[in-house]
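In this text the structure is predicted, and so the values were computed from the model without any measurement.
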Amino acid sequence: MTSVQDRTTLPDRFDPGATERALYAAWESAGVLTADPAESSRARGTRSPFVVVIPPPNVTAVLHMGHGLNDTVQDVIVRWRRMAGDLTLWVPGTDHAGIATQNVVEKQLAAEGKTRFDLGRDAFVDRTKKFVEETGGVILQQLRALGCSCDWTRTAYTFSPELSRAVREAFVTLFERGLIYRGHRVIHWCPRCLTSLSDEEAEFNDENGNLYHITYPLVDDPSRSITIATTRPETMLADVAVAVHPDDDRYKDLVGKMVMLPVANRPIPIIADEYVDREFGTGALKITPAHDANDFEVGLRHKLDMPIVIDAEGKMISGDSLPTTQYSIPKTLLGLDRFEARKQVVIQLKGLGRLEKTEPRSHAVRRCYRCNTVVEPRLSDQWFVRMKPLAEPALAAVRDGRIRVLPERWEAVYIQWLEGIRDWNISRQLWWGHRVPVWYDGAGKPHAFREDPSPETIKKLDLKYQDEDVFDTWFSSWLWPLSTLGWPDKNAADLKAFYPTDVLVTAPEILFFWVARMIFAGYQFAGEAPFHTVYLHGTVRDTQHRKMSKSLGNGIDPLDVIKLYGADALRWTVVSGLGMGTDVILDPQDLEKSFAPGRNFVTKLWNIARFLLQNIGDRTPPALDTIDAKSFASADAWILSRLDAAIAECDAALGGARPPNGAWPLDERFRGLRLDEYAESARRFAWNELADWYVEAVKPRLQSASADGDVARAVLLHVFDQALRLLHPIVPFITEALWQRLPGRPAGAFIATAAWPRPRGGSVERAREFDRLREVVAGIRQIRGEYNVPPANMLNATIVGAPDLEPVIARERAFVTQLARTDITFAAAAPAGP
RNA sequence: GGGCGAAUAGCUCAGUUGGUUAGAGCACCUGCCUUACACGCAGGGGGUCGGGGGUUCGAGUCCCUCUUCGCCCACCA
């Protein structure tokens with residue numbers, strides 16, 4: 001009787017659920033996933049470091065297919081480099097995700113009928129911290145199920161004491177360098193999150209609205225009026241002027257005159273400003289400095305009042321914080337939501353006969369990227385980073401190839417954005433996040449501190465209070481490659497050994513949010529780019545090409561897939577379908593369709609191994625290198641040459657791991673990391689060449705205990721071992737499970753750290769011979785297929801006119817018989833026949 | 001409004017610098033439970049390479065134009 005443990009037998013099927021977890025634990029406990037900084041060639045060691053930092057998922061996130069894609073890609077690259085001999089490190093971690101996490105906790109509070117203000121700042125932060133400690137980081141556990149070979153000893157968190165120190169250091173350094181300033185201006189404000197947002201966080205959407213044409217009568221002569229056009233009539237209550245273009249002949253005589261603002265009933269001047277577009281609407285523009293970023297600029301130029309009529313929650317207000325009481329708004333509008341106020345203002349304008357026309361119009365509306373609320377332009381004081389000086393080296397680095405962005409077209413997008421970059425609003429009116437380390441003195445002057453000021457300092461500088469705001473989440477994640485490696489401690493072992501990192505893998509959506517800013521930070525704080533390659537992959541979509549999302553209910557849970565098909569199947573599907581920059585299309589309604597190919601391939605590998613173990617079992621054949629090439633059969637030479645070709649193809653598809661001499665030469669710049677091509681080359685070798693031809697061809701020889709049988713066993717073992725290695729980065733579990741059962745493996749060895757295959761060279765002549773045999777076999781099979789000739793070994797095929805094949809087939813008749821399922825004889829060649 | 005990209009087999013995509021009968025996976029059709037594998041094996045059908053025009057001995061590949069999608073950016077209210 002045989003048991004499962006028997007070396008010569010395997011169960012019928014690979015059971016991922018029963019093996020994946022144990023394999024992962026074995027890697028982890030054997031230290032396969034960790035990297036010792038002392039071994040780095042940048043420290044005392046000799047090994048080239050290869051480092052990837054994970055795009056930190058939100059600490060409250062659970063794994064979705066987007067992560068499945070992103071992290072599989074990283075793991076493939078990391079495992080490839082680990083096998084290639086690099087000192088490989090993949091740093092995992094999570095992001096405290098200020099606004100997103102705060103929203104989650106606020107929702108919980110809302111369910112209890114409370115707001116964060118009921119708790120107060122400290123209690124709210126405590127509660128959030130507790131929530132994160134209790135439920136956060138689930139995703140890190142899930143990444144293990146995916147097979148991600150992260151170094152968990154280095155798990156980082158953007159809100160940890162260490163990383164918080166980095167955030168503070170970065171802010172104070174920029175403050176000292178004059179790259180940070182406090183600005184009073186109109187910013188994007190989310191009335192639901194009650195915080196400001198950066199330009200990137202306020203996303204554009206084209207939406208249908210109305211363009212209202214409103215007539216403002218002249219104070220001098222109410223029979224005359226000027227017509228303005230606006231999509232937001234409710235803001236007219238804060239109008240302080242009407243602007244026309246200085247060269248607009250239609251309005252030249254009106255400049256300087258006063259018009260009476262309807263509804264509000266107060267006079268405002270007509271001014272001239274170059275900003276106005278004569279072609280748009282009526283060529284006359286209402287100016288509302290506190291509620292429109294452009295009007296704010298006009299207001300500054302003309303020294304206009306900047307009354308506010310919409311409060312933080314988007315409700316109409318009056319009086320307070322306004323320069324004079326003249327800006328009070330009608331009682332009927334007080335306290336109304338801005339959209340309701342719009343309706344009411346329109347009704348009132350109609351009643352006054354001041355609404356000339358309403359024109360349906362699609363226009364860009366900005367919405368909060370976290371809660372989708374329409375963003376309100378709001379006049380306020382915020383902290384800004386001057387971006388132009390930071391962007392310059394980042395722009396140069398991409399232009400001269402020190403950093404490449406894949407796929408190529410994103411490089412142009414990157415350059416375009418950097419060329420027109422605007423200052424970054426980094427302060428948020430939230431509670432969950434790094435508090436701005438600024439204290440204001442009695443004169444209102446800000447002082448920035450690396451450490452909280454001592455009582456003596458407070459006294460000396462007459463500090464009154466700390467800034468209430470926290471930083472934009474991205475103000476901590478932009479430091480990620482630095483902070484996770486120990487910066488600002490310039491002597492940190494990891495920083496010396498592993499910075500700069502190598503490849504950054506992420507989605508194009510956060511190219512500006514995160515990737516570009518990390519490059520800024522790299523140059524600003526370390527004088528060096530944080531990585532040399534940015535790999536931007538596509539998006540996971542359903543069959544209708546819609547993004548997978550919770551709200552659409554078209555998502556696929558990666559854990560379901562892992563349970564049903566195994567992690568390898570998931571990884572295979574994702575990688576093999578991943579053209580450079582193309583989206584991955586999956587069918588949430590039909591997991592079988594999407595993931596069966598991966599599972600089937602895994603099963604194929606399993607079955608090759610079953611065959612191999614049955615035929616080799618415990619008898620370890622001689623090492624391939626000890627075999628004289630002369631004793632190879634043509635099939636041996638052929639599969640060895642195909643292996644060399646497959647290795648070369650995989651290497652070519654993967655490309656160079658790092659830029660030679662610090663910058664990517666043009667001919668290499670956009671090559672490499674073609675993971676789908678790599679996957680296909682490795683698959684073709686294992687399945688279409690090794691399994692379909694070699695395994696079949698070698699069957700008769702394995703029956704014998706002769707020397708030739710040993711040659712066959714040695715070659716079979718070698719090429720399967722190499723195939724497993726080529727495939728390991730993509731399907732780590734099955735390859736590790738099988739590789740460990742191969743005869744002759746030393747105890748404690750892992751394919752995860754086994755050497756990446758290299759071409760060995762060999763006789764091409766003998767390989768060609770086998771190609772001739774394959775042609776013959778293919779010919780016979782074709783005829784059999786077309787004429788439906790039943791399979792039978794007694795069938796006799798006669799080959800005419802190929803005398804050069806005769807000796808080959810005579811020698812390797814067993815192959816041909818096996819492969820073609822027929823016997824072969826030769827007829828005399830017809831003389832000079834076509 | 002500015003910039004970029006894509007349209008190739010029913011579906012998802014490859015097709016490097018223009019060069020012999022345009023490829024892969026899935027799907028489909030026909031045989032086959034051949035002692036590793038039916039999650040498999042063998043064979044097969046299927047494309048006017050979005051439309052039109054041009055350059056060339058030769059174009060899926062270069063140029064122009066039209067159509068349709070997609071992406072990024074943007075202060076026309």
Task: Base paired to C71(B) (Watson-Crick or G-U; both N/O distances under 3.5 angstrom) - done: G3(B)
Open item on the list: Taking pairing as Watson-Crick or G-U wobble with both contacts under 3.5 Å, can you name the mate of C76(B), or confirm there isn't one?
Closed with: none
Task: Residue closer to the 5' end of RNA chain B, F601(A) versus A412(A) (nearest nucleotide) - done: A412(A)
- [ ] Mind checking E696(A) for me? I need base, sugar-phosphate or nothing, with any heavy atom below 4.0 Å counting as a touch.
- [x] base
Open item on the list: Need the pair for U35(B). Rule: Watson-Crick or G-U wobble, both distances under 3.5 Å, any strand; none if unpaired.
Closed with: none
Open item on the list: Taking C26(B) as the reference, what is the distance to C41(B) when you measure between their P atoms (whole Å, please)?
Closed with: 10 Å
Open item on the list: Please pick, from C72(B), A36(B), C39(B), the nucleotide with the shortest atom-to-atom distance to any side-chain atom of F611(A).
Closed with: A36(B)
- [ ] Figure out the OH/C1' separation between Y275(A) and C76(B), and round it to whole Å.
- [x] 7 Å
Interface polar pairs with nucleotides 8-17 of chain B, N/O, under 3.5 angstrom:
residue : atom : partner : partner atom : Å
U12(B)  : OP1  : H545(A) : NE2          : 3.3

- [ ] Can you tell me the pairing partner of G60(B) across any strand shown, Watson-Crick or G-U wobble, with both distances under 3.5 angstrom?
- [x] none
TODO: With C1' as the reference atom in both, quote the distance from G18(B) to C57(B) in angstrom, rounded to an integer.
DONE: 12 Å
- [ ] Tell me which nucleotide among C37(B), C72(B), C75(B) gets nearest to the side chain of W410(A).
- [x] C72(B)
TODO: Would you indicate what T603(A) reaches in the nucleic acid, counting non-hydrogen atoms under 4.0 angstrom: base, sugar-phosphate, or nothing?
DONE: base
Task: Rounded C1' spacing from C76(B) to C69(B) in Å - done: 27 Å
Task: Between P of G70(B) and CZ of R546(A), the distance in whole Å - done: 14 Å
Task: Closest to side chain of Q782(A), choosing from C71(B), G25(B), G44(B) - done: G44(B)
Open item on the list: Can you work out whether G420(A) or T282(A) has the more 5'-proximal nearest nucleotide on RNA chain B?
Closed with: G420(A)
- [ ] Decide, yes or no, whether a salt bridge links D12(A) with R610(A) under the criterion of side-chain N to carboxylate O below 4.0 Å.
- [x] yes
Open item on the list: Please report the distance separating the P of U34(B) from the corresponding atom of U21(B), rounded so that it comes out in whole Å.
Closed with: 41 Å
- [ ] Please step through side-chain hydrogen bond (donor to acceptor under 3.5 Å, both in side chains) for the pair T215(A) and R354(A), ending with a clear verdict.
- [x] CA-CA 5 Å; T215(A) 60; R354(A) 288 292 161 204; 3.1 Å; yes
TODO: For G25(B) and C39(B), measure between their C1' atoms and round to the nearest Å.
DONE: 15 Å
- [ ] Write down the distance separating the P atoms in U48(B) and G60(B), rounded off to the nearest Å.
- [x] 13 Å
- [ ] Using a heavy-atom cut-off of under 4.0 Å over every strand shown, decide if A229(A) touches base, sugar-phosphate, or nothing.
- [x] base
Open item on the list: Between the side chains of R541(A) and D583(A), is the shortest nitrogen-to-carboxylate-oxygen separation below 4.0 Å, so that they form an ion pair?
Closed with: yes
Task: Sugar-phosphate only, base, or nothing, as touched by V584(A) at under 4.0 Å among non-hydrogen atoms - done: nothing
Task: Same-atom distance (C1') from U30(B) to G45(B), integer angstrom - done: 10 Å
Open item on the list: How many whole angstroms separate atom CZ of R683(A) from atom C1' of G40(B)?
Closed with: 14 Å
Task: Protein-nucleotide distance (E592(A), atom CD; C39(B), atom P), rounded to Å - done: 9 Å
- [ ] Could you tell me whether the phosphate oxygens of C75(B), OP1 or OP2, come under 4.0 Å of any side-chain nitrogen or oxygen in R366(A)?
- [x] yes
- [ ] Determine the minimum heavy-atom distance between T227(A) and A284(A), stating which atoms define it.
- [x] O-CB, 3.5 Å
Open item on the list: I'd like the P distance from C11(B) over to C49(B), given in whole Å.
Closed with: 16 Å
TODO: Describe, in one word, how the ring planes of F520(A) and W417(A) are oriented to each other, choosing from parallel (under 30°), tilted (30 to 60°) and perpendicular (over 60°).
DONE: parallel
- [ ] In plain terms, say whether E689(A) and R774(A) are close enough for a salt bridge, that is, a side-chain N and a carboxylate O under 4.0 Å apart.
- [x] no
Open item on the list: Taking any heavy-atom pair under 4.0 Å as a contact, classify R232(A): base, sugar-phosphate, or nothing.
Closed with: nothing
Task: Aromatic centroids of Y369(A) and F513(A) separated by under 6.0 Å - done: yes
- [ ] Look through every strand shown and name the nucleotide pairing with U17(B) as Watson-Crick or G-U wobble, where both distances are under 3.5 Å.
- [x] none
Task: Length of the CD-P vector between E509(A) and C73(B), whole Å - done: 10 Å
Open item on the list: Can you identify which nucleotide, out of A77(B), C39(B), A74(B), has its nearest atom closest to the F204(A) side chain?
Closed with: A74(B)
TODO: Report the distance from atom CH2 of W687(A) to atom C1' of G40(B), rounded to the nearest whole Å.
DONE: 8 Å
- [ ] Can you figure out which of C71(B), C73(B), C75(B) approaches the side chain of N294(A) most closely?
- [x] C75(B)
TODO: Find the partner of C28(B): check Watson-Crick (N1-N3 plus N6-O4 or O6-N4) and G-U wobble (N1-O2, O6-N3) distances, both under 3.5 Å, and reply none if neither fits.
DONE: G44(B)
Task: Electrostatic pair R671(A)-E668(A), nearest N-O below 4.0 angstrom - done: no
Task: Rounded interatomic separation in angstrom, taking CZ from F670(A) and C1' from G5(B) - done: 15 Å
- [ ] On the 0 to 90° scale, with breaks at 30° and 60°, tag the W687(A)-F601(A) ring pair as parallel, tilted or perpendicular.
- [x] parallel
Task: Closest to the D692(A) side chain, choosing from C41(B), C75(B), G5(B) - done: C41(B)
Open item on the list: What's the separation between atom CD1 in I270(A) and atom CG in L285(A), rounded to the nearest 0.5 Å?
Closed with: 12.5 Å
Task: Ionic contact status for R338(A) with E376(A), cut-off 4.0 Å - done: yes
- [ ] Measure across A646(A) and S681(A) and return the closest heavy-atom pair with its distance rounded to 0.1 Å.
- [x] CB-O, 4.3 Å
- [ ] Under 4.0 Å between any heavy atoms, over every strand shown, what does K286(A) touch: base, sugar-phosphate, or nothing? Just pick one.
- [x] nothing
- [ ] Check every strand shown and say whether A609(A) touches a base, only sugar-phosphate, or nothing at a heavy-atom separation below 4.0 Å.
- [x] nothing
Task: Proximity to the side chain of Q416(A) - top-ranked nucleotide from C41(B), G3(B), C76(B) - done: G3(B)
Open item on the list: Using a 4.0 Å heavy-atom cut-off, does R278(A) contact any base of the nucleic acid, only the sugar-phosphate backbone, or nothing at all?
Closed with: nothing
Open item on the list: I'd like to know if R610(A) reaches the base of C37(B) with its side chain such that a donor and an acceptor end up less than 3.5 angstrom apart.
Closed with: no
Open item on the list: Looking only at the side chain of N600(A) (C-beta and beyond, no hydrogens), which of the listed nucleotides C72(B), C39(B), A36(B) gets closest?
Closed with: C39(B)
Open item on the list: Need one value for R781(A): base, sugar-phosphate or nothing, where a base atom within 4.0 Å counts as base even if backbone is also close, heavy atoms only.
Closed with: sugar-phosphate
Task: From C39(B), A77(B), C37(B), nucleotide with atom closest to K604(A) side chain - done: C37(B)
Open item on the list: Tell me the interatomic distance from D273(A), atom CG, to C75(B), atom C1', rounded to whole angstroms.
Closed with: 12 Å
